[in-house]
Amino acid sequence: MKNTRSALIALTAALTLGVTACGSADDSDDTAENTTSSSASATSEASASEDTSEESPSEGSGSESASATSGSDDGGLKAVLDAIEVAEKETDGTAYEVDDQDDDGTWEIDIAKGDRSIEVEVGEDGSASTDDDDDLDDDDRAGIKAAKITVGDAIEAALEEVDGTFDDAELEEENGTHFWEVTIDAADDDDVEVHVDVTDGTATVEKDDDNGDDDDNDDD
């Protein structure tokens, strides 16, 4: 009896230890699985956060760039340069006078070709038509010969000097000196004349002396 009871007690103890060991192993496995799952989840969230942070600056930068481009204003420079190019290709000549006709997007451009002056009208859509053909004026011929820069260069130089919108440009001469006279519609709605040296592109804003004359008259 004593031997049997001892055997039963020993068997029971062994079974208890086995069950406890199994339970501990299962708990350990569950803990490991939970730890692995949590780690993977954290890694996935971190990756997503990094992707988002990497994409955001690119999107923001693109938006700012588009805004800057759409908000830029070149004073009509691109439009007039495009029109000059169309007119010169149409006639195979050199532009020397440009006028923003009627402010409706249509350009009237005088082209020198040989000893002839050809008037070309360029529409807002880029279409070109020849309106007139006449003898080239002697002063214009001399100015074109002296010019080292184009009328397009002169317009660009004037717009860099004065904040406004291009109106017209032509060759002028004073005391034997030729220059491009470019008129800019300034931001305050006043017309500003800019004289651009035909040889080096130096732009000089012509001062309006009317106010000074008025003051002198008032003093009298």
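Residue numbers start at 1 and run along the sequence shown. Here the structure is a predicted model, which means the values were calculated and not measured.
A salt bridge does not link D115 to R141: none of the charged nitrogens lies less than 4.0 Å from a carboxylate oxygen.
For the atom pair NE2 of H178 and CG of D139, the computed distance is 7.0 Å after rounding to the nearest 0.5 Å. The CG atom of D168 sits 8.5 Å away from the CD atom of E193 when rounded to the nearest 0.5 Å. For the atom pair CD1 of I111 and OG1 of T130, the computed distance is 9.5 Å after rounding to the nearest 0.5 Å. How far CD of E121 is from CD of E108: 7.0 Å, rounded to the nearest 0.5 Å. Note that CD of E172 is 8.5 Å distant from CG of D140, once rounded to the nearest 0.5 Å. Residue K113 holds its NZ atom at 9.5 Å from CG of D133, rounded to the nearest 0.5 Å.
Nearest heavy atoms, V162 versus V192: CG2-CG1, 3.9 Å. The nearest pair of heavy atoms linking V120 to A128 is CG1-CB, 4.1 Å. Here the closest non-hydrogen pair linking W180 and A95 is CH2-O, 4.3 Å. Here the closest heavy-atom approach between residue V182 and residue A169 is recorded as CG2-CB, 4.0 Å. The shortest heavy-atom contact between V196 and A157 is CG1-CB, 4.3 Å. Taking both residues in full, the closest heavy atoms of V198 and A146 are given as CG2-O, 4.0 Å, listed atom of the first, atom of the second, then distance.
With contacts defined as side-chain heavy-atom distances shorter than 4.5 Å, the pair L159/I184 qualifies. Within the 4.5 Å cutoff, the side chain of Y96 has no heavy atoms near those of the I109 side chain. Counting heavy atoms from C-beta outward, I144 and L171 have side chains that approach closer than 4.5 Å. Between V151 and I84 there is a side-chain heavy-atom pair separated by less than 4.5 Å. Residues D185 and D191 have side chains in contact (heavy-atom distance under 4.5 Å, counting atoms from C-beta outward). A heavy-atom distance below 4.5 Å is found between the side chains of L77 and I155. The closest side-chain heavy-atom distance from L136 to R116 is not below 4.5 Å. Contact check for V205 versus E161: side-chain heavy atoms found under the 4.5 Å cut-off.
At least one donor-acceptor pair closer than 3.5 Å links the side chain of D200 to the backbone N or O of T202. Of the possible polar contacts, one joining the D153 side chain to the T150 backbone as a donor-acceptor pair under 3.5 Å is found.
Linking Ile, Leu, Val, Met, Phe, Trp and Tyr residues whenever their side-chain heavy atoms come within less than 4.5 Å places V80 and I118 in a single cluster. Placement of V98 and F179 in two distinct hydrophobic clusters is found when ILVMFWY residues are connected by side-chain heavy-atom separations under 4.5 Å, directly or transitively.
Every pair passing side chain to side chain donor-acceptor pair (under 3.5 Å) that includes a residue from residues 75-93 is listed here, sequence neighbours excluded: K78-D82, E85-K89.
Residues meeting the ring-ring contact (aromatic ring centres under 6.0 Å, His included) test with W107, sequence neighbours left out: F166.
Between the side chains of D110 and S117, no donor-acceptor pair is found at a separation under 3.5 Å.
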Could you go through the side-chain hydrogen bond (donor to acceptor under 3.5 Å, both in side chains) check for T177 and N175 one step at a time? CA-CA 6 Å; T177 300; N175 301 322; over 6 Å; no

